Amino acid sequence: MVGDETDSRNPYESFEDNPYRSSVDIFTNESVLKEDWQPEKLPEREAELDEIRNALAPATRGVNAHNLFLYGKTGQGKTVAIDHELALLQDYAASQDDFNLSVIKTSANNQTTSYQLCAHLIKEIRDSRKKPSGIDQQSMFDLLYEEISDLEETVIIVIDEIDAIGSNDELLYELPRARKNDHINDQWVSVIGISNNLQFRDNLSPKVKDSLYDSEIEFAPYNAEKLTSILERRAERAFIDDVLDDDVIPLCSAFAAQDEGSARQAIRLLYKSGELALNHGNDTVSETHVREARDILERKRIEEGMRSLTTQDQFALLSVVALEIDGETPARTRQVYQKYKSIVDRLDGNQLVERRVRDHLQSLGMQGFLLAETRNTGIQGGSHYRFELKTDLEATLDILGEDTRIDDVVSDLTEIATAKELT
DNA sequence: AATCCACAGGAAAATGAGGTGA
DNA sequence: TCACCTCATTTTCCTGTGGATT
C-alpha cells in the first residue's frame, strides 16, 4: 500500500529521474560567487590598503583620523577595502582601554542633498526607522551634532556613494570642521567618502575640497591580469577541480576588462557561465557558455534599466522607437519632438517643452538606450544631436509594452514593425 | 576670415508634491 | 488648520557653438 502511494506521488521511475537531480556537478561552493560574499584578502589592492591604514592610523594616537576620499568605478573593491581596514581598526580599539571608536557606516544612495544625507545619518545613528524632517538645514545639522556627541571619542563616518548628493555639499564642509566651529568639543570626527563617480571630485565646491581632502585614494580599474588572478582565487573555491576550460577565466577577465574593469562584473559572468553549463548538462564550462552568459547579462542590464524609466523618459524613448520603425533614424531633436508631441497627445500625457525633452533624450543616451551623436553641419544644420535606438527594437517594444499606461501605442507600433518585416 | 544658422545647454525662476511644528 | 520647510522637475530666458557659406 505504501508503495502504491509513493508511486502515485512520484511519476518518475526512480530517484535518478527526478528533474531536480542534476546529471553533472560544477560547483563545490557556489556562495563564493554570490554578490554579498566578502573576500578576506585583497592582494590586488595592497597599495591602497596601505594608504587607508596610514590615513586611519592617527586615530590610534588620540587625534583625528585623516579625512579620506576613495574614488573609482564600481566593482573595484573600494567598499571591501574600507570594510577590511575598519574591521581591523575596530578590533584594535576593542583591545585598547584608552581608544574608543564609533564607526558610522552608511550609503548616501537616494540622498540627493546635504539636508537629506544629514537626516539619513541621524536616522542611522539613532537606529530609528524614521528620518527627521521639516526643519531647516542648520537645525538639522545641529541635531546631527547632538547625536554625534553621544558617541565615542573617535568617530569615523563612512559615506558610500557620496556622489549622490551632487553639488549640494555643505554637510561635507561642516562635518570635518565641526570641532573647529565648536559644534563638538571632546570628540574627533572624520569622514570617509566613497564615490563611483570620478567627476564628482571636480564638481565639489573649493571649500569642501579644502576641508575634506586630507587624502584621496584612487582605485584604478583592474586590468585583465588582475581580474584573472581574482577570478582564479574565487574559482578555486567555487568550482570543482578541472571543470573550467583553460580559456574560460581569461575570457571572463577580458570581457570585464574591456567594459568597466569591474571585478563584480567578471565574477557575475563566471558564475552565470557555470550555471549555464550546469543547466545544459555539460560537465565542463567552456568558452561558448561565457559568450552566452555575456549576452544574457547584457540584456538583463538593459531590461532592468528600462523598467525603471519615468513616464516622460518612456514617451521620449517611444518617440525614437516610432521613428526607428518608420526608418527615419537617426533623427534630430526637432523630429523626435514632433513625434513626441503626437504620442503624448494620443496618450493624454503631460506635454513638456522641447528644452526638457532634450534633457530626457540625453539621459536616455547616457543610460545606453539611445545612441546620441552630436554633430555640426554648418549653415543648414548648426550643431545638433542625432538620435537612434541603440537597443534591440523587438526587446524594447516587449519591455515597454509591459506598462499599461502606454501599451496602447506600443502594440500599434509592434504591429507596424512586424508588418514591415514581412514585406 | 567673417558670418550665421539651428540648435545646445547653462541659469534662474516657477511649480507642485511632500513634509514639519505650533 | 496655517505658515513654512525642502527638493525634483519643469519652464523660461538666455548665451554659446562650430563648420558651411559667403
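Side-chain atoms are counted along with the backbone in the values below, which use heavy atoms only and exclude waters and symmetry mates. Since we're looking at a predicted model, the values are computed, not measured. Each chain gets a letter, A, B and so on, in the order the sequences are listed, and its residues count up from 1.
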Q: Starting at CD of A:Glu324, measure out to NZ of A:Lys390 and round the result to the nearest 0.5 Å.
A: 13.0 Å
(Q) Let me test you: for the helix from B:dA1-C:dT22 to B:dA22-C:dT1, what is the angle between the axes at its two ends (five pairs each), rounded to 10 degrees? (A) 20°
(Q) On a heavy-atom basis, which atom in A:Ala81 and which in A:Leu42 lie closest, and how many Å separate them? (A) CA-CD1, 3.6 Å
(Q) What is the separation between atom NE2 on A:His360 and atom C1' on C:dT10, rounded to the nearest whole Å? (A) 8 Å
Q. Can you pull the salt bridge (charged side-chain N to carboxylate O under 4.0 Å, His left out) pairs that have at least one residue in residues 77-92 of chain A, sequence neighbours excluded?
A. A:Arg53-A:Glu85, A:Asp83-A:Lys105
Q.
So that I know where these two stand, are A:Tyr271 and A:Phe27 an aromatic pair - ring centroids less than 6.0 Å apart?
A. yes
Q.
Checking the side chain of A:Glu48 only, and the main-chain atoms of A:Ile217 only, is there a donor and an acceptor separated by less than 3.5 Å?
A. no
(Q) Tell me if the CD atom of A:Glu394 is crowded by more than 12 foreign heavy atoms within 6.0 Å. (A) no
**Q.** Phosphate OP1/OP2 of C:dT17: any A:His384 side-chain N/O under 4.0 Å
**A.** no
Are any protein N/O atoms closer than 3.5 Å to N/O atoms in nucleotides 15-18 of chain B? If there are, list each pair with its distance.
none

Q | Between P of B:dC5 and CZ of A:Arg334, the distance in whole Å | A | 15 Å
**Q.** Pair A:Phe219-A:Tyr71, ring-ring contact (aromatic ring centres under 6.0 Å, His included): steps then yes or no
**A.** CA-CA 6 Å; A:Phe219 283 64; A:Tyr71 61 98; 8.9 Å; no
Q: Apply the test salt bridge (Lys or Arg N to Asp or Glu O under 4.0 Å) to residues A:Asp359 and A:Arg355: give CA-CA distance (whole Å), side-chain angles for both, the deciding distance (0.1 Å), then the verdict.
A: CA-CA 7 Å; A:Asp359 282 346; A:Arg355 175 74 186 81; 2.9 Å; yes
Q.
Check this for me: A:Glu236, atom CD, are more than 12 non-hydrogen atoms of other residues, nucleotides or ligands nearer than 6.0 Å?
A. no
(Q) Is A:Tyr337 close enough to B:dC7 that one of its side-chain N or O atoms is under 4.0 Å from OP1 or OP2 there? (A) no
Q | A:Arg332 vs B:dC7: side-chain N/O to OP1/OP2 distance below 4.0 Å | A | yes
Q: Find the distance A:Arg358:CZ to C:dG16:C1' and express it as a whole number of Å.
A: 12 Å
Q. Between A:Ser383 and C:dG16, is there a side-chain N or O to OP1/OP2 distance below 4.0 Å?
A. no
**Q.** Pairwise salt bridge (charged side-chain N to carboxylate O under 4.0 Å, His left out) hits with a residue in residues 143-155 of chain A, at least two apart
**A.** A:Arg126-A:Glu147
Q) CZ of A:Arg386 versus P of B:dA6: gap in Å, rounded? A) 16 Å
Q: Look at all strands and tell whether A:Thr374 reaches a base, only sugar-phosphate, or nothing, counting heavy atoms closer than 4.0 Å.
A: nothing
Q: Assess A:Arg358 against A:Tyr337: is NZ or CZ under 6.0 Å from the centre of the six-membered ring, and within 45 degrees of the ring's axis?
A: no
Q | Nucleic acid contacts - residues 304-318 of chain A versus DNA chain C, non-hydrogen atoms under 4.0 Å | A | A:Gln312
Q) Is the count of non-hydrogen atoms from other residues, nucleotides or ligands lying under 6.0 Å from A:Asp246 atom CG greater than 12? A) no
(Q) Tell me if the CZ atom of A:Arg334 is crowded by more than 12 foreign heavy atoms within 6.0 Å. (A) no
Q: Check DNA chain C against residues 346-357 of chain A and give the residues with a non-hydrogen atom under 4.0 Å, in numerical order.
A: A:Gln351, A:Leu352, A:Val353, A:Arg355, A:Arg356
Q.
Can you confirm whether more than 12 heavy atoms, excluding those of A:Glu225, are under 6.0 Å from its CD atom?
A. no
Q: Would you kindly give the CG-to-P distance between A:Leu143 and B:dT20, to the nearest whole Å?
A: 14 Å
Q. Atom CD of A:Gln362 and atom P of B:dC7: how far apart are they, to the nearest Å?
A. 15 Å
